[in-house]
Q: 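To start, I am sharing the structure in question, which I have written as structure tokens.
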Amino acid sequence: MYKISHNDTYSNAQIMGCAYSKIQHATDNSEGKYCGSSNRHCFICTNFGVRMDFRFDVIVIGAGHAGCEAAAAAAQMGSKTCLITIDMNKIAQMSCNPAIGGIAKGQIVREIDALGGHMGLITDRTAIQFRMLNRSKGPAMWSPRAQCDRAKFIWAWRTVLENQKNLSIWQDTVTELLVEHGHVTGVRTLEGAEFHCRCVVLTAGTFLNGLMHIGRVTMPGGRISEPASYMLTESITRHGIRSGRMKTGTPVRIDRRSVHFEDMEPQEGENDFHRFSFMGGQRQLKQLCCWTCYTNPKVHEILRSGLPDSPLFNGQIKSIGPRYCPSIETKLVTFPDKEQHQLFLEPEGEETNEMYLNGFSSSMPMDIQIRALKEIPAFRDLVIYRPGYAIEYDYFDPTQLRHTLESKVVSGLFMAGQVNGTTGYEEAGGQGILAGINAHMKCHDAGEFTLARDESYIGVLVDDLITKGVDEPYRMFTSRAEYRILLRQDDADLRLTGRSYNIGLAARERFERMSSKRDAISHILDFARNFPVKPALINPSLEELGTSPLREGCRLSALLERPQLTLDNLSDHIRALKSELDKLEPERRDEIVEAAEVCIKYNGYIERERQIAGKMKRLEDIRIKGRFDYSSIMSLSTECRQKLMRHDPDTLAEASRIPGVSPSDINVLLVLLNR
């Protein structure tokens with residue numbers, strides 16, 4: 001029994017298990033009576049005991065991007081869920097750059113959205129600049145990216161979570177994982193609360209034993225001015241789960257009023273039909289400009305003078321940082337002959353003067369950072385809000401996880417985000433929604449939900465983590481996906497919404513919208529494949545569009561394979577095509593036309609990858625877990641035996657992706673299976 005004392009105010013998220021319909025407001029504060037509060041979302045009582053239910057199906061530790069998606073997914077599917085966070089005002093905080101998406105990362109956000117997650121919707125709602133990257137390349141490489149209003153992003157997520165049925169929020173620090181007989185049973189917090197549950201999703205980000213560095217100055221914390229989380233790592237590793245240390249960093253934050261924008265190049269956004277969410281509408285916030293500039297030899301000279309005090313090079317930091325998002329000092333050491341490095345100055349919000357200097361991540365001493373930046377013309381009168389810093393934190397070896405992101409060591413414990421050795425909000429969100437789905441399904445004995453490598457970037461991410469492990473913070477790239485023409489940003493809903501709807505996460509409205517889009521695309525494809533085009537009628541138009549005339553008739557789909565031709569520009573010359581396109585819903589027209597056009601132009605590549613993926617699926621169906629004593633198979637290489645014993649893969653396909661397992665080793669296993 002917990003008591004609420006006079007003048008203590010609790011929100012619905014804190015008074016867990018209380019129903020507003022059972023709270024009757026009274027006119028006095030006498031003992032045992034409810035007080036007369038005009039706000040029915042809180043109440044103040046004297047000596048009145050409130051019974052709080054600390055039993056849940058799913059507990060999510062950490063309210064970063066992984067935790068928010070995990071908690072929302074589990075609750076939406078019907079599990080009684082509690083999200084525990086150190087600070088409710090920092091829910092879904094963008095710890096580094098206030099941007100969502102990017103190369104391959106944008107595809108992951110589309111997939112989260114297609115599954116019924118919230119990152120895409122909230123990004124569209126809070127975007128202050130949108131761009132589609134890699135448009136000069138093929139559609140497999142097109143990647144959406146949006147700059148967001150940091151503060152509005154946090155409050156949009158908090159609004160979603162606080163109004164989510166089945167979801168409670170508790171502000172506290174988890175210090176201990178409760179385990180009985182190899183199965184998680186709950187958690188204990190710093191404030192002495194004990195929660196019981198069937199599944200836990202750990203998404204603690206950079207907070208586990210977090211240590212920040214600015215030059216030789218060190219301070220504990222999970223983010224600047226936020227406390228680290230202690231004791232939890234040790235509580236987990238005592239059960240046999242291996243942990244390690246990683247490092248990440250963030251740049252200086254600049255006061256917009258001190259910047260000379262006339263010395264920078266503007267980088268405008270785009271305002272076409274593209275969105276992150278397939279359910280999204282028009283962008284609501286003012287669209288802002290980003291800016292670019294470059295470092296110079298004087299900047300580099302000052303930075304080099306500070307290397308003896310750099311935590312990265314004086315032995316102060318011993319953990320490994322992200323290869324593909326290096327600090328400015330790492331760039332100088334790695335590329336000593338390079339005289340300049342590009343920087344991107346990006347707004348933090350629609351109304352704030354705070355700006356983010358992308359490309360200048362650093363843990364150098366504060367005075368070195370400021371002096372160096374003042375040598376850039378645009379920053380000659382530089383004023384900053386805070387310097388850049390590095391942070392070291394604990395992570396857990398992801399090879400100890402299953403494809404569901406459940407621990408192989410402790411049943412019911414799921415892990416998602418940077419605790420698995422990844423970097424980036426998008427990678428975290430993708431893991432979070434998968435972990436939340438599977439935590440719910442385990443609670444209700446509903447099987448498992450996994451994603452294949454030819455089905456999603458999330459599937460590639462998880463498979464890479466659990467089969468290959470990490471020796472540096474993992475970042476997703478399109479090059480990591482062997483079937484990337486199948487994993488385009490334009491068709492994530494067609495790939496995943498049906499699967500999500502079948503398990504009860506994606507809403508009916510989303511499923512129906514996806515079905516309508518799929519039918520519309522199929523109709524356009526059928527029309528293009530069957531509509532005959534005669535040279536005499538189309539050749540004058542082809543010359544006008546800058547392409548060679550036809551020598552003989554063909555189908556419209558064959559004509560559209562030419563790079564100069566699109567459905568839109570041909571519709572100006574083919575009346576029947578224009579009529580078909582005019583039948584499409586106006587608000588969805590451009591999205592459907594683009595998707596159909598990609599299917600036509602890249603049909604050969606798409607079909608070839610489907611065939612290759614189909615062959616690999618046959619290996620996915622061959623289960624080998626528990627069928628071999630790898631140590632006794634001398635026909636396998638020594639490295640292969642060691643790797644297979646360590647990873648204990650479920651399928652032959654999973655074994656084939658483990659570094660050190662060669663094709664000849666797979667053939668040996670196939671022969672033994674046939675015997």
Q: Hey, does the side chain of E375 reach the backbone of N296 with a donor-acceptor pair shorter than 3.5 angstrom?
A: no
Q: State, to 0.1 Å, how close A63 and C68 come at their nearest heavy-atom pair, and which atoms those are.
A: O-SG, 3.5 Å
Q: Apply the test side chain to side chain contact (heavy atoms under 4.5 Å, CB included) to residues V58 and F414: give CA-CA distance (whole Å), side-chain angles for both, the deciding distance (0.1 Å), then the verdict.
A: CA-CA 10 Å; V58 178; F414 295 79; over 6 Å; no
Q: Return each pair, listed once, that meets salt bridge (Lys or Arg N to Asp or Glu O under 4.0 Å) where at least one residue sits in residues 113-133; pairs must be two or more places apart or across chains.
A: D113-R510
Q: L373 versus V299: any side-chain heavy-atom pair under 4.5 Å?
A: no
Q: Would you list the pairs meeting side chain to side chain donor-acceptor pair (under 3.5 Å) in which at least one residue belongs to residues 59-72, sequence neighbours left out?
A: none
Q: Hey, mind stepping through C325 and T423 against side chain to side chain contact (heavy atoms under 4.5 Å, CB included) and telling me if it holds?
A: CA-CA 10 Å; C325 188; T423 181; over 6 Å; no
Q: Can you list everything that forms a side chain to side chain donor-acceptor pair (under 3.5 Å) with S363? Sequence neighbours excluded, please.
A: E329
Q: Identify, with sequence neighbours excluded, every residue that meets side chain to side chain donor-acceptor pair (under 3.5 Å) alongside S319.
A: E392
Q: Do NZ/NE/NH1/NH2 and the carboxylate oxygens of E512 and R508 come within less than 4.0 Å?
A: yes
Q: Measure across G359 and I328 and return the closest heavy-atom pair with its distance rounded to 0.1 Å.
A: O-CD1, 4.0 Å
Q: CD1/I169 to CD1/I84 distance, rounded to the nearest 0.5 angstrom?
A: 11.5 Å
Q: Start with the C-alpha gap between V598 and D491, add the side-chain angles, then the distance that decides, and say whether side chain to side chain contact (heavy atoms under 4.5 Å, CB included) holds.
A: CA-CA 10 Å; V598 167; D491 72 343; over 6 Å; no
Q: Can you tell me how far CD of E350 sits from OG1 of T352, rounded to the nearest 0.5 angstrom?
A: 11.5 Å
Q: On a heavy-atom basis, which atom in Q431 and which in L405 lie closest, and how many Å separate them?
A: O-CD1, 3.4 Å
Q: Considering residues at least two apart in sequence or located in another chain, which fulfil the ring pair (Phe, Tyr, Trp, His ring centres under 6.0 Å) criterion with F335?
A: none
Q: Do I86 and P227 have side chains that get closer than 4.5 Å, going by heavy atoms?
A: yes
Q: If only atom types and distance count, is the side chain of T497 paired as donor or acceptor with the main-chain N or O of A114 below 3.5 Å?
A: yes
Q: Can you tell me how far apart CD1 (I128) and SG (C289) are? Round to the nearest 0.5 Å.
A: 11.0 Å
Q: For the pair T203 (side chain) and G62 (backbone), establish whether a donor and an acceptor sit closer than 3.5 Å, ignoring hydrogens and angles.
A: yes
Q: Could you walk me through whether E111 and R495 pass the salt bridge (charged side-chain N to carboxylate O under 4.0 Å, His left out) test, one step at a time?
A: CA-CA 9 Å; E111 291 172 357; R495 288 184 274 120; 3.0 Å; yes
Q: Output yes when a side-chain donor or acceptor of S258 lies under 3.5 Å from a complementary backbone atom of D255, and no otherwise.
A: yes
Q: Using a 4.5 Å cut-off on heavy atoms from C-beta on, say whether the side chain of M514 contacts that of L494.
A: yes
Q: Answer yes if the side chains of S95 and R223 hold a donor-acceptor pair under 3.5 Å, and no otherwise.
A: yes
Q: I'd like to check I112 versus L115 (side-chain heavy atoms, cut-off strictly below 4.5 Å). Are they in contact?
A: no
Q: Tell me whether the count of non-hydrogen atoms from other residues, nucleotides or ligands lying under 6.0 Å of CD in E262 goes above 12.
A: yes
Q: Regarding D464 and R453, does a basic nitrogen lie under 4.0 Å from an acidic carboxylate oxygen?
A: yes
Q: For K90, what residues pass the side chain to side chain donor-acceptor pair (under 3.5 Å) criterion, not counting sequence neighbours?
A: E226
Q: Looking only at heavy atoms, what is the nearest atom pair of G436 and A74, with distance?
A: O-CB, 3.7 Å
Q: What residues, two or more places apart in sequence or in another chain, satisfy side-chain contact (heavy atoms from CB on, under 4.5 Å) together with N97?
A: A99, R145, Q147, E346, Y356, N358
Q: Tell me every residue that passes side chain to side chain donor-acceptor pair (under 3.5 Å) with D263, counting only those two or more places apart in sequence or in another chain.
A: R380
Q: Test H440 against Q76 for side chain to side chain contact (heavy atoms under 4.5 Å, CB included), laying out the working first.
A: CA-CA 10 Å; H440 162 82; Q76 283 173 229; over 6 Å; no
Q: Under a 3.5 Å distance rule, please check whether Q107 uses its side chain to pair with a backbone N or O of W142 as donor and acceptor.
A: yes
Q: For H274 and Q489, does a side-chain donor sit closer than 3.5 Å to a side-chain acceptor?
A: no
Q: May I ask you to test the W155-T126 pair for a side-chain heavy-atom distance under 4.5 Å?
A: no
Q: Keeping the roles fixed (side chain from T422, backbone from G417), state whether a donor-acceptor pair exists under 3.5 Å.
A: yes
Q: According to the ring-ring contact (aromatic ring centres under 6.0 Å, His included) rule, which pairs have a member within residues 112-135, sequence neighbours left out?
A: H118-W157, F130-F276
Q: Looking only at non-hydrogen atoms, find the nearest pair between S229 and T173 and report the distance.
A: OG-CG2, 3.8 Å
Q: Test your reading of the model: is there a side-chain donor-acceptor pair from R323 to the backbone of G321, 3.5 Å cut-off?
A: no
Q: Can you give me every donor-acceptor pair (side chain of residues 381-389, partner residue at least two apart or in another chain, under 3.5 Å) with its distance?
A:
{"residue": "D381", "atom": "OD2", "partner": "H260", "partner atom": "NE2", "Å": "2.7"}
{"residue": "R386", "atom": "NH1", "partner": "E354", "partner atom": "OE2", "Å": "3.1"}
{"residue": "Y389", "atom": "OH", "partner": "I224", "partner atom": "N", "Å": "3.1"}

Q: Check whether any side-chain N or O of T566 sits under 3.5 Å from a backbone N or O of N569 as a donor-acceptor pair, and report yes or no.
A: yes
Q: Are R488 and Y602 in a cation-pi setup, meaning NZ or CZ lies under 6.0 angstrom from the ring centre and within 45 degrees of the ring axis?
A: no
Q: Is the closest side-chain heavy-atom distance between K152 and E351 below 4.5 Å?
A: yes
Q: Taking atom CE of M132 as the centre, does the number of heavy atoms from other residues, nucleotides or ligands within less than 6.0 Å exceed 12?
A: yes
Q: Any sub-3.5 Å donor-acceptor pair from Q287's side-chain atoms to L285's backbone N or O?
A: yes
Q: Does Q282, at its CD atom, have more than 12 non-hydrogen atoms belonging to other residues, nucleotides or ligands within less than 6.0 Å?
A: no
Q: Side chains of V259 and F379: does their closest heavy-atom pair fall under 4.5 Å?
A: yes
Q: Can you tell whether the side chains of E348 and R256 come within less than 4.0 Å, N to carboxylate O?
A: no
Q: Any side-chain heavy atom of R499 sitting closer than 4.5 Å to one from E455?
A: yes
Q: Residues in ring pair (Phe, Tyr, Trp, His ring centres under 6.0 Å) with F273, at least two apart?
A: none
Q: Return each pair, listed once, that meets salt bridge (Lys or Arg N to Asp or Glu O under 4.0 Å) where at least one residue sits in residues 281-295; pairs must be two or more places apart or across chains.
A: none
Q: Look only at the side chain of Y425 and the backbone of C96, and say whether a donor-acceptor pair between them is shorter than 3.5 Å.
A: yes
Q: Testing the basics here: between L567 and L581, what is the closest heavy-atom pair and its distance to 0.1 Å?
A: O-CD1, 3.8 Å
Q: Give a yes or no on whether a salt bridge exists between D490 and K517, defined as a side-chain N under 4.0 angstrom from a carboxylate O.
A: no
